[in-house]
Amino acid sequence: MDNRSGRGRSFASRHRGTALEAVPVRSASLETAASQGVESWLELFEPLFGGVIALVVVWRGRDRAAAGLAIFATALLAGRAITSIPCQGTAGLVAATSSWVLYILARVGFYVMAE
């Protein structure tokens with residue numbers, strides 16, 4: 001079986017005895033659709049654009065709306081960065097909780113900006 005087509009491979013597995021038996025294991029196709037190219041690039045550059053917005057607003061902003069936008073962009077980017085940390089157990093719970101706290105802070109910053 002070919003792994004590139006998404007059909008899978010055969011693996012040898014031992015069962016109760018000493019005999020080996022071939023077991024087919026299916027896998028997902030690694031090929032992407034043609035429409036996912038633009039989406040993948042936009043997803044890659046979105047944090048970069050958000051970071052630029054946050055830095056420009058912190059540097060040039062003087063009023064309450066600028067502070068709200070800076071809090072929104074910074075907290076949203078930090079929350080997304082923390083979400084991608086691979087961890088388990090207590091560290092995973094702390095990372096997940098802190099990312100949600102940052103998302104809530106981002107919403108507060110958005111409401112301050114809109115007010």
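Cluster annotation: L76 is connected to F110 through the hydrophobic network of ILVMFWY side chains, with a link wherever side-chain heavy atoms come within less than 4.5 Å. Residues L77 and L69 fall into different hydrophobic clusters, defined by Ile, Leu, Val, Met, Phe, Trp and Tyr side chains chained together at heavy-atom separations under 4.5 Å. Put simply, L105 and V101 are part of two different groups of oily side chains (I, L, V, M, F, W, Y) that touch within less than 4.5 Å, one to the next.
The list of side-chain hydrogen bond (donor to acceptor under 3.5 Å, both in side chains) pairs with a residue in residues 61-76, not counting sequence neighbours, reads R64-E115. Within the structure, ring-ring contact (aromatic ring centres under 6.0 Å, His included) pairs that include any residue of residues 83-102 comprise W100-Y103 (at least two apart or interchain).
In this structure, L102 and I82 have side chains that are in contact, with non-hydrogen atoms separated by less than 4.5 Å. Residues L48 and F45 form a side-chain contact, since some pair of their non-hydrogen atoms from C-beta on lies under 4.5 Å apart.
The nearest pair of heavy atoms linking G79 to S99 is O-CB, 3.5 Å. The shortest heavy-atom contact between A75 and A106 is CB-N, 3.7 Å. Here the shortest heavy-atom pairing between G92 and C87 reads CA-SG, 3.4 Å.
A donor-acceptor pair under 3.5 Å is absent between the side-chain atoms of T97 and the main chain of V94, judged by distance alone.
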